[in-house]
Undergrad: 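Here it is, the structure, as structure tokens.
No experiment lies behind these values; they were computed from the predicted model shown.
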Amino acid sequence: MPIATDTSFLRRIPKAELHCHLDGSIRPATLAELAREQGIALPDYDPDAVRAHMRVDNAHNLEEYLLRFEVTLAALQSSEALERAAYELAEDAHKDGVQYLEVRFAPLLNVRNGLTLGEAIEAPLRGLERAQREYGIVSRIIVCALRTLAPDVSMQMARLAAEFRTHGVVGFDLAGPERGHPAADHEAAFEHAIAHGIACTCHAGEGWGPDSVKQAVHDCGAKRLGHATRLIEDAALMEEVGRRGVALEICLTSNLQTHAAESYAAHPLRRYFDLGLAVVLNTDNRLMSDVTLVDEYKHAAAHLEFTAEELCRVALTGFEHAFVEPNEKATLIARAKKSIAELGVSLT
């Protein structure tokens, strides 16, 4: 059996990444270049200095963690920048062994300089399509609404997602600070998305407790949950989530940064997995967390004692819960199983 912490082995595991923010995953060198070109103030424009500056080491909560996004959003207000960021993200994910990638962002935040919402969607789609042609990585987009904005704005985002359903958009999400901004307020937007064939996920149980998860599942009809770190606090709800087959989009490092978990070893991922819940590892924000997906798999092995076989099961779960059409999903799963078998790992 391969060693679970071996970087080469972890890179070769076929992966599906389902929770990755475009505006949180721009390369430091690209951010430095775009910021210099656009007159965006940074303490230093050296890529290593930008990486250190953008990494969140001192946030007290989710809200403070999110403040860094003002810098990246300022740099992503043109079609060229959005296309480039999406292409480079898919390229970096490919180097991590990712075969299927879902990129999420809130297009409403990328229209400050005159882009239309449609243009803000079309630009990253072009970047992802180019990466698929060059590297074979299949990528799709999840449109995010924001908890801090009015429900009618969320409805606008749900309609936008539905408009691009056959053009690369596969999901709808609700992001942003949870406490004081209940997901239930945005129920109508989720209903619209689901009625128009868009699958739904929801950030829940990171900045607020189990009640946030309940709303995401009961009121919003979410088939996946972003983070769900505090789901562990409600045994009955955990059982329900497992029974419903709702997948948990786990982001180890960012959960430490937002203090949703106190350490890698204390993260509930191990408990969720042992209870049979569907869990998938993700980076969340490659830039702010200064992390790769291989890093996250290594953390699971080193701190939570995941074996090579268990990590491959987690990887396969990602494909099983991808927001793609059944035929395409079956193709992705078959390809992943073949790659896992070639690693010498048996999942039977």
Side-chain angles (χ1 to χ4, degrees), residues 19-25 59 61-78 82 85 102-124 141-165 169-196 198-209 211-222 224-228 249 254 258 260 284-285 288:
H19 193 121
C20 185
H21 291 267
L22 178 61
D23 45 4
S25 301
N61 50 43
L62 174 60
E63 288 77 8
E64 287 191 16
Y65 178 86
L66 295 175
L67 291 176
R68 289 291 200 285
F69 284 83
E70 282 306 311
V71 178
T72 53
L73 283 170
L76 294 175
Q77 297 298 321
S78 70
L82 284 165
E102 289 179 2
V103 180
R104 65 183 69 191
F105 72 111
L108 190 70
L109 300 180
N110 301 97
V111 296
R112 298 172 182 172
N113 291 349
L115 287 181
T116 66
L117 288 170
E119 290 169 339
I121 289 278
E122 291 164 350
I141 281 178
I142 294 175
V143 171
C144 291
L146 300 172
R147 289 173 178 265
T148 52
L149 300 181
D152 62 332
V153 179
S154 295
M155 179 62 78
Q156 184 183 16
M157 292 301 96
R159 288 171 176 155
L160 180 68
E163 180 183 345
F164 281 86
R165 186 181 68 81
V169 172
V170 295
F172 178 71
D173 177 32
L174 185 66
E178 292 175 63
R179 189 176 299 277
H181 304 284
D185 290 351
H186 306 265
E187 180 179 358
F190 281 92
E191 290 178 346
H192 182 87
I194 293 169
H196 288 80
I198 297 292
C200 292
T201 181
C202 185
H203 282 70
E206 179 191 23
W208 191 24
D211 282 348
S212 183
V213 174
K214 287 179 182 177
Q215 290 184 26
V217 174
H218 295 166
D219 298 300
C220 302
R224 299 196 322 234
L225 299 169
H227 304 292
E249 303 161 355
S254 75
T258 63
D284 198 12
N285 301 291
M288 285 71 167

Undergrad: Please report the C-alpha distance between Leu108 and Leu149 in whole Å, then the side-chain angles of each, then the deciding distance to 0.1 Å, and finally whether the side chain to side chain contact (heavy atoms under 4.5 Å, CB included) criterion is met.
TA: CA-CA 11 Å; Leu108 190 70; Leu149 300 181; 3.5 Å; yes
Undergrad: List for me each residue that meets side-chain hydrogen bond (donor to acceptor under 3.5 Å, both in side chains) alongside His203, sequence neighbours excluded, and say none if there are none.
TA: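 Counting only residues at least two positions away or on another chain, His203 forms a side-chain hydrogen bond (donor to acceptor under 3.5 Å, both in side chains) with His19, His21, Asp173.
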Undergrad: Let me confirm one number: the SG-CD distance from Cys20 to Glu249, rounded to the nearest 0.5 Å.
TA: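 If we round to the nearest 0.5 Å, Cys20:SG and Glu249:CD are 11.0 Å apart.
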Undergrad: Would you call Leu146 and Val153 a side-chain contact if the rule is heavy atoms closer than 4.5 Å?
TA: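 No, too far: nothing below the 4.5 Å cut-off.
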Undergrad: Check Leu225 against Ala228 and note the closest heavy-atom contact, atom names and distance.
TA: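 That would be CB-CB, 4.0 Å.
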Undergrad: Check each of Met157, His196, His186 against Phe172 using the side chain to side chain contact (heavy atoms under 4.5 Å, CB included) test, and report the only one that passes.
TA: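 The single option meeting the side chain to side chain contact (heavy atoms under 4.5 Å, CB included) with Phe172 is Met157.
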Undergrad: How long is the straight-line distance from CD1 of Ile142 back to CG of Leu22, given to the nearest 0.5 Å?
TA: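 That separation rounds to 12.0 Å.
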Undergrad: Using every non-hydrogen atom in the two residues, find where Cys200 and Ile194 come nearest and quote the distance to one decimal.
TA: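 Between these two residues, the closest heavy atoms are SG-CG1, 3.6 Å.
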Undergrad: So, does Glu178 use its side chain to make a donor-acceptor pair with the main chain of Ser212 at under 3.5 Å?
TA: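 No, because the side chain of Glu178 does not come within donor-acceptor range (under 3.5 Å) of the backbone of Ser212.
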Undergrad: Which heavy atom of Ser254 sits nearest a heavy atom of Asp284, and at what distance?
TA: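 Minimum heavy-atom separation between Ser254 and Asp284: OG-OD2, 2.8 Å.
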Undergrad: What's the separation between atom CD in Gln77 and atom CG in Leu115, rounded to the nearest 0.5 Å?
TA: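 It is 7.0 Å, given to the nearest 0.5 Å.
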Undergrad: Check Arg224 with Glu102, please: is the shortest side-chain N to carboxylate O separation under 4.0 Å?
TA: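 Salt bridge: yes.
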Undergrad: Can you find a pair of side-chain heavy atoms, one from Phe105 and one from Ile141, that are under 4.5 Å apart?
TA: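 A side-chain contact under 4.5 Å exists here.
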Undergrad: Of all heavy-atom pairs between Glu119 and Gly114, which one has the smallest distance, and what is that distance?
TA: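 Closest heavy-atom pair between Glu119 and Gly114: OE1-O, 4.3 Å.
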Undergrad: What are the two closest non-hydrogen atoms of Gln215 and Pro182, and how far apart are they?
TA: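 Closest pair (atom of Gln215, atom of Pro182, distance): OE1-CB, 3.2 Å.
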Undergrad: Salt bridge or not for Arg112 and Glu70, using N-O below 4.0 Å?
TA: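 Salt bridge between Arg112 and Glu70, a charged N being under 4.0 Å from a carboxylate O: yes.
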Undergrad: Of all heavy-atom pairs between Asp23 and Leu73, which one has the smallest distance, and what is that distance?
TA: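 So the minimum-distance heavy-atom pair works out to OD2-CD2, 3.4 Å.
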Undergrad: Is a side-chain N or O of Arg147 found less than 3.5 angstrom from the main chain of His181, in a donor-acceptor match?
TA: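 Yes: the side chain of Arg147 pairs with the backbone of His181.
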